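Read the structure below first, then the notes.
Being a predicted model, the structure only gives us computed values, none of them experimental. Along the sequence shown, residues carry numbers from 1.
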Amino acid sequence: MKRLIVAITGATGAIYGVRILEELRPHPEWETHLIVSNAGALNLRYELDKSAKQVSELAHVMHDIRNIGASIASGSFPVEGMVVAPCSMKTLSSIAHAYADNAIARAADVTLKERRRLVLVVRETPLTIAHLRNMLAVSEMGGIIYPPVPAFYAGFNSIAEMVDYTVARILDLFSIPFTGALNRWQGIGREAGGAHE
Ligand SMILES: Cc1cc2nc3c(=O)[nH]c(=O)nc-3n(C[C@H](O)[C@H](O)[C@H](O)COP(=O)(O)O)c2cc1C
């Protein structure tokens, strides 16, 4: 059994966290541990008209954001890694500074200290120097900064496809196969593989 921690915070893009959980459902070898921040719950309601409780049904285990005694708050609890999707600038800041005052920041801190994979789907525009420095700090500690910026060459027909492309690329980072169809880049022209011949 492989475990993945999925955290949903209060940046816009709650759909990313939900789609990651949905995509993990058909993979019986993966156990998902969900944490939703208070602002994350607010945005789930605002953007998707879903409660955190409804979203928790997609996960195997739900942890309270206040429970810093949760299993995932300890490095002795084996997990493959953690994805924060979406990741607010506030949560990014707490992770960058090891300010582990809630279950999301603590689980991310543990993920970094145990040298496990941490992916932050950070979202804000424009970015201040503080945001950029915090991203650099996490990157220097081995975390992966993955802003959900669309790859327009993929030729999306809908926002759902655009979201799924990002979700698939995040899952790639954990070697989890995406279940849906995906228009992966094949190269341009004859020399590069013939995708556009
Ligand atoms: C509708 C809405 C959209 C927001 N979008 C963002 C965003 O894209 N990025 C961000 O850093 N904060 C955003 N915020 C602000 C965060 O929710 C706020 O800073 C919050 O304290 C983050 O807390 P958390 O990291 O514990 O979830 C948004 C808030 C609301 C209500």
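Residues satisfying the side chain to side chain contact (heavy atoms under 4.5 Å, CB included) test with Ala137, not counting sequence neighbours, are Ala96. For Asp49, the salt bridge (Lys or Arg N to Asp or Glu O under 4.0 Å) partners at least two apart in sequence or on another chain are Arg45. Residues passing the side chain to side chain contact (heavy atoms under 4.5 Å, CB included) test with Thr32, sequence neighbours excluded: Leu21, Leu24, Ala59, His60. Not counting sequence neighbours, the partners of Glu57 by the side chain to side chain contact (heavy atoms under 4.5 Å, CB included) test are Lys53. In this structure Glu161 satisfies the salt bridge (Lys or Arg N to Asp or Glu O under 4.0 Å) test with no other residue, sequence neighbours excluded. Residues satisfying the salt bridge (Lys or Arg N to Asp or Glu O under 4.0 Å) criterion with Arg66, sequence neighbours excluded, are Asp64. Checked against salt bridge (Lys or Arg N to Asp or Glu O under 4.0 Å), Arg3 has the following partners two or more places apart in sequence or in another chain: Glu31. In this view, Ser74 and Ser76 satisfy the side chain to side chain contact (heavy atoms under 4.5 Å, CB included) rule, not counting sequence neighbours.
For residues 104-114, no pair satisfies side-chain hydrogen bond (donor to acceptor under 3.5 Å, both in side chains), with sequence neighbours left out. Pairs of residues two or more places apart, or lying in two chains, that qualify as salt bridge (charged side-chain N to carboxylate O under 4.0 Å, His left out) and include a residue from residues 177-189 are Asp172-Arg184. Sorted by first and then second residue, the side-chain hydrogen bond (donor to acceptor under 3.5 Å, both in side chains) pairs involving residues 138-152 (not counting sequence neighbours) form an empty list.
In this structure, CG in Asn43 is found 6.0 Å from OG1 in Thr12, a value given to the nearest 0.5 Å. To the nearest 0.5 Å, atoms CZ (Phe174) and CD1 (Ile144) are separated by 7.0 Å. Going from atom OG of Ser175 over to atom NZ of Lys2 covers 7.5 Å, rounded to the nearest 0.5 Å. Here CD1 of Ile129 is found 12.0 Å from CG of Asn134. Values are rounded to the nearest 0.5 Å. Considering CG of Asp164 and OH of Tyr16, their distance stands at 9.5 Å, rounded to 0.5 Å. Annotation: the span from His33 atom NE2 to Ser71 atom OG amounts to 5.5 Å, rounded to 0.5 Å.
The hydrophobic clustering, which links ILVMFWY residues whose side-chain heavy atoms are closer than 4.5 Å, places Ile15 and Ile159 together. Taking hydrophobic clusters as Ile, Leu, Val, Met, Phe, Trp and Tyr residues chained together by side-chain heavy-atom distances below 4.5 Å, Val121 shares a cluster with Leu48.
Residues Ala100 and Ala105 share a closest heavy-atom pair of CA-CB, 3.9 Å. Summarising the geometry of Met1 relative to Trp30, their closest heavy-atom pair is SD-C, 3.8 Å, with the distance given to 0.1 Å. Nearest heavy atom pair, residue Ile8 against residue Ala85, reads CG1-O, 3.6 Å. When every heavy atom of Val36 is checked against every heavy atom of Gly40, the shortest pair comes out as CG1-C, 3.8 Å. Nearest heavy-atom pair, Glu47 versus Gly13, reported as atom, atom and distance to 0.1 Å: OE1-N, 3.0 Å.
Other residues, nucleotides and ligands contribute only 12 or fewer heavy atoms inside 6.0 Å of the CD1 atom of Ile68. For CZ of Arg169, the number of neighbouring non-hydrogen atoms (other residues, nucleotides, ligands) closer than 6.0 Å is 12 at most.
Side-chain contact between Val61 and Leu34 is absent, with no heavy atoms from C-beta onward closer than 4.5 Å. At a threshold of 4.5 Å between non-hydrogen side-chain atoms, the residues Arg123 and Pro148 count as touching. Tyr165 has its side chain out of reach of Pro150: every pair of non-hydrogen atoms, C-beta onward, lies at least 4.5 Å apart. Within the 4.5 Å cutoff, side-chain heavy atoms of Arg116 are placed close to those of Val110.
Chaining together hydrophobic side chains whose heavy atoms lie under 4.5 Å apart places Val79 alongside Ile5, Ile35, Ile65, Ile72, Phe77, Met82, Val84, Met89, Leu92, Ile95, Ile104, Leu112, Leu118, Leu120, Val122, Leu127, Leu132, Met135, Val138, Met141, Ile145.
A donor-acceptor pair under 3.5 Å links the side-chain atoms of Glu23 to the main chain of Thr179, judged by distance alone. Of the possible polar contacts, none joining the Asn102 side chain to the Ser37 backbone as a donor-acceptor pair under 3.5 Å is found. Between the side chain of Gln54 and the backbone N or O of Ser51 there is at least one donor-acceptor pair closer than 3.5 Å. In this structure, His27 contributes its side chain and Pro177 its backbone to a donor-acceptor pair below 3.5 Å. A donor-acceptor pair under 3.5 Å is formed between the side chain of Arg25 and the backbone N or O of Leu58. Within the 3.5 Å criterion, the main-chain N or O of Ala70 finds a donor-acceptor partner in the side chain of Asn67.
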Item to check | Residues Leu4, Val6; criterion side-chain contact (heavy atoms from CB on, under 4.5 Å); working and verdict | outcome: CA-CA 6 Å; Leu4 184 72; Val6 178; 4.1 Å; yes
Checklist entry - Does the pair Val167 and Glu22 meet the rule for a side-chain contact (heavy atoms from CB on, under 4.5 Å), with working shown? => result CA-CA 10 Å; Val167 167; Glu22 285 174 349; over 6 Å; no
Item to check | Leu173 and Arg117: CA distance, side-chain angles, deciding distance, side-chain contact (heavy atoms from CB on, under 4.5 Å) verdict | outcome: CA-CA 8 Å; Leu173 295 169; Arg117 179 142 287 193; 4.1 Å; yes
